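Since the model is a prediction, treat every value here as computed from it, not as a measurement. Here is how names work: the chains are called A, B, and so on, in the same order as the sequence lines, proteins then strands, and each is numbered from 1. No hydrogens, no waters, no symmetry mates; every other heavy atom, side chains included, goes into these values.
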Amino acid sequence: MSKVYICTAIPYVNGNPHIGHAMDYLLADTYARYRRSQGDEVRFQVGTDEHGNKVYSTAQKNGLSVEAYAAQNSQKFQDFIKKLDITYTDAIRTTDADHVRRCQEIWKQLEPHIYAANYDGWYCEGCESFVTQKEYDENGGICPDHQKPYQKLTEKNYYLRMDDFRDQIRAKIESDEMLILPEFRKQEMLRLLEDTPDISISRPRKQLSWGVPVPGDDEQVMYVWVDALSNYITVLGYPDQDISEWWPASAQFVGKDILRFHTITWPAILLGLDLKLPQKVISHGHVLAGGQKMSKSIGNVVDPMAVLERHGLEAFRYYFLRHIDTFADSDFTWEKFDEAYNNELANDLGNLVQRLATLCRKNEVHGISMPEVVDEEYRKLMDRYEFSKAFDYAWGKVQQLNKDIDIAKPWELAKQGKVEEARNVLSQLVGGLLKASELLEPFLPETSAKIQSIFIADEIVPPSTPLFPKA
RNA sequence: CGCGGGAUAGAGCAGCCUGGUAGCUCGUUUGGCUCAUAACCAAAAGGUCGUUGGUUCAAAUCCAACUCCCGCAACCA
């Protein structure tokens, strides 16, 4: 039995929860449930990232105070997490007073690695923001929104010196002391690391007012990523409390797009604090809609709430944990979702429960207890975070049971008066189903519990409504 | 020459590292069964493995070139 700390990326609250956030939560939750089933003690962090200009300006646009707007959106994520039945233990908001204060403590500790310098860039007065060189080139030096030429502007920033950390980070990635999954992302990050310049970690207050003030410099506010990444340890109480019981994190789950911040910026901060790096950083792919990237402009964004309402939470978890590959981008369409629900959840599993329960009732089979489940193949996959493959593997057990019933034909045994034989066969089949339900538990907790309550009972009775009713 | 991923049956994918009868799921067709949610089981049809060349007794698998798709390129899960 060991202590396990699991982290999820904290979403930026300038919008509604979408499918991608759900992936973080589902993967982390699956892992948390799995580790608990192995007897480990799990601490599981979630939270919301609430600082930054976008939140500030959207709040103003909506005529709300920034605090109220952030609180309102943070609540949406809280509700979302509850709807997904995520078994977290710790929740944090980056606007929490403790978090803000702790970030400032962290900053002070990092000071030996921080220096101030001027940043030159193109700036649009109308947008009140810097633009990248690429944007500048694309727009021919003129802001398309304001029809005014970009200005060259210089501002003061604080920087974190990457040269203090680069060699250490490279060594820890290469040796897998901080294991990046999948493997090809590790290679990507190693290359990226070499090209990473010193990291700008503050903005002048006039540019960014909604954030954590830099201690000792009223004119500067922390760059949001410094504030956001720190949440993984401030939620544990760092630096007020000794966090060595839980840190380093066993696993951090992030989307592929923010992997760089978790494998370069975050390690730099941790090394600056003399803390260990997370043991594993798992980067999942994106959910595509009909083979395309989801985007507001194309209008193909799939609302997770609508998906939840379609067939309920278990079907939601089922699709995104099994048919969305753990590491690669995968496709969601309503058609595929419905197919998976009808053919797999309803026909394979739901129907299996129904037919087996009926056979048990007719043959008066009862008094079955939970079998011991040890499955090396399954554990190997779970330990490698190959969740979609482990789920496939567990599902194979379910499909095999349908075949086994047809081979054993217990209803024929009963007809021939071989009652004892029929009961034996059925007990074995039920045992198989209970084992399968145990493997499915991290993915489909509610279904797994239902199956166990149906078959581990004084009297086995088929559920009055099927587990996965068809429309 | 920015970096990376991919191209295998109608669809989605595995196999490639460690060459040797091309496999899985869904769909289609046929048959079986009747315990079950018109559910389940079995069988069949369907692929010159992106193109061209090379290595080899043998290439989806190794090498080279090419074509086409798709990500990423600093705050977008």
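- Residue whose closest nucleotide on RNA chain B sits further toward the 5' end, between A:W225 and A:R260: A:R260.
- Taking a centre distance below 5.5 Å and an interplanar angle below 30 degrees as the stacking criterion, A:H286 stacks against the six-membered base ring of B:rA77.
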Go through the steps for A:L345 and A:L444 under the test side-chain contact (heavy atoms from CB on, under 4.5 Å), then give the verdict. CA-CA 11 Å; A:L345 280 172; A:L444 304 175; 4.2 Å; yes

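- The shortest distance between the side-chain N/O atoms of A:N347 and the OP1/OP2 oxygens of B:rC40 is below 4.0 Å.
- No contact: A:P410 has no heavy atom under 4.0 Å from any strand.
- Among the heavy atoms of the strands lying under 4.0 Å from A:V287 is at least one base atom, whether or not backbone atoms are also near.
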Taking it one step at a time, do A:H323 and A:Y318 satisfy ring-ring contact (aromatic ring centres under 6.0 Å, His included)? CA-CA 8 Å; A:H323 291 300; A:Y318 178 80; 5.7 Å; yes

Evaluate side-chain contact (heavy atoms from CB on, under 4.5 Å) for A:E194 paired with A:R170, printing each intermediate quantity in order. CA-CA 9 Å; A:E194 301 310 316; A:R170 186 192 308 110; 2.7 Å; yes

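- As rounded to whole Å, 13 Å separates atom C1' of B:rC41 from atom CG of A:L352.
- Remark: the separation of the P atoms in B:rU8 and B:rC3 is 25 Å, to the nearest Å.
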Which parts of nucleotides 23-32 of chain B does protein reach within less than 4.0 Å, heavy atoms only, written one letter per nucleotide 5' to 3' as B for base, S for sugar-phosphate only and - for none? ---SS----B

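- For A:Y223 against B:rC75, a side-chain N or O and a base N or O form a donor-acceptor pair under 3.5 Å.
- A:H99 and A:N231 form no side-chain donor-acceptor contact under 3.5 Å, judged by distance and modelled atom types alone.
- Within 4.0 Å of A:P182, counting heavy atoms only, lies no atom of the nucleic acid at all.
- Each of A:L356 and A:V224 was assigned the nucleotide of RNA chain B with the nearest heavy atom; the assignment lying further toward the 5' end belongs to A:L356.
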Taking N or O atoms only and anything under 3.5 Å, show me the protein contacts with nucleotides 9-16 of chain B, one pair per line.
none

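- In this structure, the side chain of A:H21 engages the main chain of A:H18 through a donor-acceptor pair within 3.5 Å.
- Here B:rA77 presents its C1' atom at 6 Å from CD1 of A:I258, a figure rounded to the nearest Å.
- Among the heavy atoms of the strands, none lies under 4.0 Å from A:Y12.
- Base pairing in RNA chain B yields stems of at least 3 consecutive Watson-Crick or G-U pairs, both distances under 3.5 Å, namely B:2-7 with B:67-72, B:10-13 with B:23-26, B:28-32 with B:40-44, B:50-54 with B:62-66.
- Considering A:F443, A:Y385, A:F44, A:Y5 in turn, A:Y385 is the only one that fulfils the ring pair (Phe, Tyr, Trp, His ring centres under 6.0 Å) rule with A:Y31.
- If you take atom C1' in B:rC26 and the same atom in B:rU56, they sit 38 Å apart, rounded to whole Å.
- Of the P atoms belonging to B:rA42 and B:rC24, the separation is 12 Å, rounded to the nearest Å.
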